[in-house]
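Take a look at the structure set out below.
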Amino acid sequence: MKRLLKYLKPHALTMFIVSVMVLLITAVELYKPIIIGNAIDYYINGYYNPYVVVGEGAPGAVKYGDLFISKSYDAGSQSGPYYQMFLYNDNYYMAENITEEECEILEKAGPDILAGYAENAKILSRDELKQLRHFDFTGICRAALLYLGALLAGFVLNALQTYLLQKLGQDIIYKMREELFAHIHSLSLSFFNTQPVGKLVTRVTNDTEAVNEMFSSVLVRLFKNIVKIIGYAVVMLSKNARLAGYSFLLLPLIGVLTFVFRHLSRQAYRITRNKITDINTFLSENISGMKLIQIFTREKEKYAEFEGKSKGLYKAGYREMMIFAIFRPIIYLLSIAALAIIVGRGGSLVLGGAISIGTLYVFINYISSFFDPIQELAEQFGTLQSSLASAEKMFQILDVKPEIVNPSRPVDVKLDGKIEFKNVWFAYEKDEYILKDVSFTINPGEKVAFVGATGAGKSSILNLIGRYFDIQKGEILIDGVNIKDIDTDVLRGAIGQVQQDVFLFTGDIKGNISLRNENITLDEIKAAAKYVNADSFISKLPGGYDEPVTERGSTLSAGQRQLISFARTLAYKPSILVLDEATANIDTETESLITEAMEKLMTGRTTIMVAHRLSTIQHADKIMVMDKGRIVESGNHQELLTKNGVYRKLYDLQLAAEVTN
């Protein structure tokens, strides 16, 4: 939680303003029932208040016969006589010249006592009643205007609070999402070899939204509901401690239920989040591999597997729903029980004269609202747990340290392309060495090929040159500088890689060549494409360089994607060229274009090639033959053939296979 709150520090002023607004909104909500309660006591039920004789200009003075009487007076300075209205048999009467004790008797009197007073009292006409209650009517109007003002104030404060909170939440999540995505970009390739794509997508999308809910809603609502509960309790205790005690009778039971609900909802939230991650991972993997699924007709089996995961998410969601479906009605039932207690006990207190009807109204209104924040608190604690669980998963990603760390003081070097491996040992897993004591030198502009059986370590050498992994022993030098002392952006910027499996992004042709690098102009894009023969098919597309490209370039052939990859590499003007099975799985017609493109690309560049088809690397200046992580032979094509070693065996095997085909 402490780690999450650091994201609030830049928004401390906004949080302070929102907190003040919460206090004001709570005060408004607490004050609204009091307005109505006071209106009931002082104006609607105002005929219980006695009058005294006053002068014509006195506050609240109304004309009654030849006198002026008023209810607005200082009780301590008056000793009577008093005038008191009362209702009997649907008629209003005025008891005249009575004592203070008689006023109290009339206020609590039953029908028998009222009948006795009615004999000597004056029946009030409609006009007299209207005149006497003139100030009651204006008081009700003032109360109505005050209530309307409270409603408007509450509306404005709530609207501003909602806007500020939503903006605050979006600002924080925007930063967190960017921070998470940037951190993922900084991680080493080994991390992505062990992490499902769907899991990472869930972290950046679903989990950030769960945290957004905490910042934009839950935290402030928690604070607001706690303030409301305290406010309701304080006002009720100040109004009538005895009735407030009856209101709080069920609180221990609610506390136990809330604790149980928090425990169950926390478990349900955690299970649901895990199920969502599982199903996202499954979908990401299977949609990416849909072609393979269809090739092997595994649709039914995959559907059954998805159905199982979907059913698991359904059950988790159903369990979560049932927890709320049970908790909410129980709290509602308890709130009704508390309301019944207040109405019963409060009604008897009103009849006994201990409290006024207005006070009873305030209690009824408060008790109806008192349980809402308690219920919301329990639910928000569950949502808070969900947000914290999502944040924890995000921080697990953020806590992963990149294995490849940029040097604190990188060497400023212009890379020409001399590559040296000195006694290099490398393993993906501890002590399971893929490369064993490998040493070689590649001079600038030299074309070197690595051949060998699958698993010999050829592709590992390519990964190490760009420092996508760090070696365990030895040194790798480029132009005499250890690659660990070179800025990784500079190092990788000098190396152009063309791989067998070309990845194209959703967008257009020109965007996939430049990778949206604004420093590469459209003219440079076209020049690169033309140089590697990619322009021959791009110019025939309906949109040309603006032709839309779908995900992974599925609408283009393998050869077209490869030519785009060559153009992309050339556009970045590398000094070192790495070709990893660049001509594998390419048709003969396209291969001639690609071969020509490769020859153009290799001109004036240090080139490292990996290929299983030996016919594609015979032109190399040097061929290094690898076996079980070691370089066992090196030389050009003719030299290696004359040695009758591993290379000769590989060559004869491929030649025999071609003759057979």
Parallel, tilted or perpendicular, judged at 30° and 60°: which one describes the rings of Y647 and H637?
perpendicular
Any side-chain donor paired with an acceptor under 3.5 Å for S460 and Y428?
yes
Side chain to side chain donor-acceptor pair (under 3.5 Å) evaluation trace for Q499 with S565
CA-CA 8 Å; Q499 298 177 320; S565 175; over 6 Å; no
Tell me, please, which residues at least two apart from S514 pass side chain to side chain contact (heavy atoms under 4.5 Å, CB included).
I520, I525
Is there a donor-acceptor pair under 3.5 Å between the side chain of T606 and the backbone N or O of G417?
yes
So that I know where these two stand, are Y433 and F426 an aromatic pair - ring centroids less than 6.0 Å apart?
no
Flag if over 12 foreign heavy atoms under 6.0 Å of NZ, K393
yes
Residues pairing under side-chain hydrogen bond (donor to acceptor under 3.5 Å, both in side chains) where one sits in residues 619-631, two or more places apart or in two chains, turn out to be none
Who passes side chain to side chain contact (heavy atoms under 4.5 Å, CB included) against K315, sequence neighbours left out?
K311
Atom NZ of K167: over 12 foreign heavy atoms under 6.0 Å:
no
From S575 atom OG to L415 atom CG, the distance as rounded to the nearest 0.5 Å
5.5 Å
Set out, in order, the CA-CA distance, both residues' side-chain angles and the distance that settles side-chain contact (heavy atoms from CB on, under 4.5 Å) for D508 and N512, then state yes or no.
CA-CA 6 Å; D508 54 27; N512 271 285; 5.7 Å; no
Strictly by modelled atom types, are T569 and Q497 linked by a side-chain donor-acceptor pair under 3.5 Å?
no
Count the heavy atoms belonging to other residues, nucleotides or ligands that lie under 6.0 Å from CZ of F192, then report whether that count exceeds 12.
yes
Between D171 and K175 (salt bridge meaning N to carboxylate O under 4.0 Å), is one present in this structure?
no
Could you label the plane-to-plane angle of the F440 and F421 rings as parallel, tilted or perpendicular, counting under 30° as parallel and over 60° as perpendicular?
parallel
F450 side chain reached by V625 side chain, heavy atoms, under 4.5 Å
no
Under 6.0 Å from the CG atom of N644, do we count more than 12 heavy atoms belonging to anything else shown?
yes
List the atom of A528, the atom of A567, and the distance in Å for their closest heavy-atom pair.
CB-O, 3.6 Å
So which pairs with a foot in residues 176-185 pass salt bridge (charged side-chain N to carboxylate O under 4.0 Å, His left out), sequence neighbours left out?
R177-E209
Can you run down the ring-ring contact (aromatic ring centres under 6.0 Å, His included) pairs that involve residues 504-540, sequence neighbours left out, and say none if there aren't any?
F503-F505
Do S284 side-chain atoms and T281 backbone N/O form a donor-acceptor pair below 3.5 Å?
no
Between N406 and T488, is there a donor-acceptor pair closer than 3.5 Å when you use the side chain of the first and the backbone of the second?
yes
Is the shortest heavy-atom distance from the side chain of K510 to the side chain of D546 under 4.5 Å?
yes
Side chain to side chain, L180 and R203, heavy atoms closer than 4.5 Å
yes
Can you name the nearest heavy-atom pair linking K6 to P10, along with the distance?
O-CD, 3.7 Å
Atom CD in E213, atom OG in S390: separation rounded to 0.5 Å?
9.5 Å
Quick one: does any side-chain atom of S557 pair with a main-chain N or O of Q560 as donor and acceptor, under 3.5 Å?
yes
So CG of D487 and CG of D485: to nearest 0.5 Å the spacing works out to 11.5 Å
Check whether E420 reaches the backbone of I478 with its side chain - one donor and one acceptor, N or O, closer than 3.5 Å.
no
Under 30°, 30 to 60°, or over 60°: which ring-plane class applies to Y318 and Y314, parallel, tilted or perpendicular?
parallel
Under a 4.5 Å cut-off applied to non-hydrogen side-chain atoms, are L187 and P402 in contact?
yes
Would you say the side-chain atoms of T642 pair up with the backbone N or O of E639, donor to acceptor, closer than 3.5 Å?
yes
Salt bridge or not between K526 and D535? Use side-chain N to carboxylate O under 4.0 Å.
no
Okay, side chain of T603, backbone of E599: is any donor-acceptor separation there less than 3.5 Å?
yes
Any side-chain heavy atom of E547 within less than 4.5 Å of one from P542?
yes
Whether K414 and D416 form a salt bridge (side-chain N of Lys/Arg under 4.0 Å from carboxylate O of Asp/Glu) is what I want to check.
yes
With a 3.5 Å distance limit and no angle check, can you tell me whether H183 reaches the backbone of L398 through a side-chain donor-acceptor pair?
yes
Could you tell me which non-hydrogen atom of A529 sits nearest to which non-hydrogen atom of I538, and how far apart they are?
CB-CD1, 4.1 Å
Roughly how far, to the nearest 0.5 Å, is the OG atom of S439 from the CD atom of E475?
10.5 Å
If you draw a 6.0 Å radius around CZ in F395, do more than 12 non-hydrogen atoms from other residues or ligands fall strictly inside?
yes
Counting distance only, does the side-chain N/O of R648 pair as donor-acceptor with the main-chain N or O of K643 below 3.5 Å?
no
Rounded to the nearest 0.5 Å, the CD1 atom of I184 sits from the CD1 atom of I397 at a distance of 6.0 Å
Would you compute the distance between atom CE of M290 and atom CD1 of I295 and round it to the nearest 0.5 angstrom?
12.0 Å
So the salt bridge (charged side-chain N to carboxylate O under 4.0 Å, His left out) pairs with at least one residue in residues 446-470 (sequence neighbours excluded) are R467-D470
Would a distance-only check, ignoring hydrogens and angles, find a side-chain to backbone donor-acceptor pair under 3.5 Å from E524 to T521?
yes
salt_bridge(E299, K302) N-O dist < 4.0 Å
no
Hey, are the side chains of F566 and V498 touching, using non-hydrogen atoms and a 4.5 Å cut-off?
yes
So which atom in D278 and which in K309 form the shortest heavy-atom distance, rounded to 0.1 Å?
O-CD, 4.3 Å
